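Notes to accompany the following structure.
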Amino acid sequence: MKLTLTAALLAGSALATAATACETTLRSSDTHPEGYPTVLAVQEMGKLLEERTGGRLCVEVFHSAQLGEEKDTIEQTQFGVIDMNRVSMGPFNNIIEETQVVSLPYIFRSVEHMHTVMDGPIGEEILAAFGDHDLVGLAFYDGGSRSFYNSEKPITSMADLEGMKFRVMQSDIFVDMVSALGANATPLPYGEVYSSIQTGVIDGAENNWPSYESSGHFEVAKYYTLDQHLIVPEVLVMSKMAWDKLSPEDQEAVRQAAKDSVPVMRKLWEEREAASEQKVRDAGVEIVTDIDKTPFIEAMVPVYEKHVTSDKLKDLVERIQATE
Ligand code: GTR
């Protein structure tokens, strides 16, 4: 039997939890369930940190939105109630200007393009921007590409979206993105999406394979169209208040452990994307892969015009587009 990295880490984390007695335990929030790549990656980061600080610092991940929905947990992290948080960049858009560029539809040509940008100076600049908002940006994780799914019909062109209602993450960019495609956007917390589709409040939502699968949304919205309108990186942040309590050596250990968890996360992500896709295919989801993205991309011009107005954002967009 082939042991996946996911299975290996899951087994390891069960043992580690039982053996832990730490001086300081950093509480970290995640909306996703146990075993999801982001949760495993932060647990792995915690393991590295514990080893390297001789048990002085540990991390406990509160998964499955135990500490609340993303938008609220971000505030709590700024206030120092939560020490660490793994979140999408989307919910930061209305707070941190720089995060908007990576949330623009079709800004990245591929996941590889996103990696090149986020691993380089532009990524460092965006991480540094968290510093002005009571947060410390530690590392970027993968979030694949996001596509539309719904409970009504297969979407095979932009025209099919006309008048439909889609949940988006709580960011003005995503509301305008959906409007520009001729549909209606409802910003909602992630945890409300399943029941909102079920009761017909919305027709569908948009997300990557692992979230579409793990949230169970595929059970109530069985049409998925690979238009891949967003490649939004995820981010691991720390509360500035928790950060300031650490010695410079421990701060460095936290930064390094976060960076070292990135390749682990990428491997986990690849595994989970494939497994999630297989699971929803097996469940009979109807997937539209053959879709012309050109009209979708062209429809985004007004979204860029409305949101990319400051010199800072214009410059970032140009540099991202010029990155090979
Ligand atoms: C997921 C992401 C979460 C959350 C969620 C959402 O892909 O990993 O952090 O942002 O999407 O749509 O709310």
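Each ligand, and each atom within it, is numbered from 1 in the order the structure gives. Model, not experiment: these values are computed from the prediction.
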Kindly confirm or rule out an N or O of [X] lying under 3.5 angstrom from an N or O of ligand 1.
| X | result |
| --- | --- |
| Arg86 | yes |
| Thr31 | no |
| Tyr36 | no |

Nearest protein heavy atom to atom 10 (O) of ligand 1, by residue and atom, and its distance?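 For atom 10 (O) of ligand 1, the nearest protein heavy atom comes out as Glu70 OE1, 3.0 Å.
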
Could you establish whether Arg146 and ligand 1 come within less than 4.0 Å of each other, counting only heavy atoms on the residue side? yes

For Ser211, the ligand 1 atoms with a heavy-atom partner under 4.0 Å come out as 1 (C), 7 (O)

Between the side chains of Asp142 and Arg266, is the shortest nitrogen-to-carboxylate-oxygen separation below 4.0 Å, so that they form an ion pair? yes

Evaluating non-hydrogen atoms only, which member of Arg167, His217, Glu192 is closest to atom 12 (O) of ligand 1?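 Considering heavy atoms of Arg167, His217, Glu192, the nearest to atom 12 (O) of ligand 1 sits in Arg167.
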
As a check for students: among Asp142, Leu230, Asn207, Val193, identify the option with a heavy atom nearest to atom 7 (O) of ligand 1.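 Selected option, by shortest heavy-atom distance: Asn207.
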
Between Trp209 and Tyr224, how do the two ring planes meet: parallel, tilted or perpendicular, split at 30° and 60°?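 Ring orientation, 0 to 90° scale: tilted.
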
Looking at Tyr141, is Arg86 sitting on its ring face, NZ or CZ under 6.0 Å from the six-membered ring centre and within 45 degrees of the normal? no

Do other residues, nucleotides or ligands put more than 12 heavy atoms under 6.0 Å from the CG atom of Asp311?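 Check fails, neighbour count at 12 or below.
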
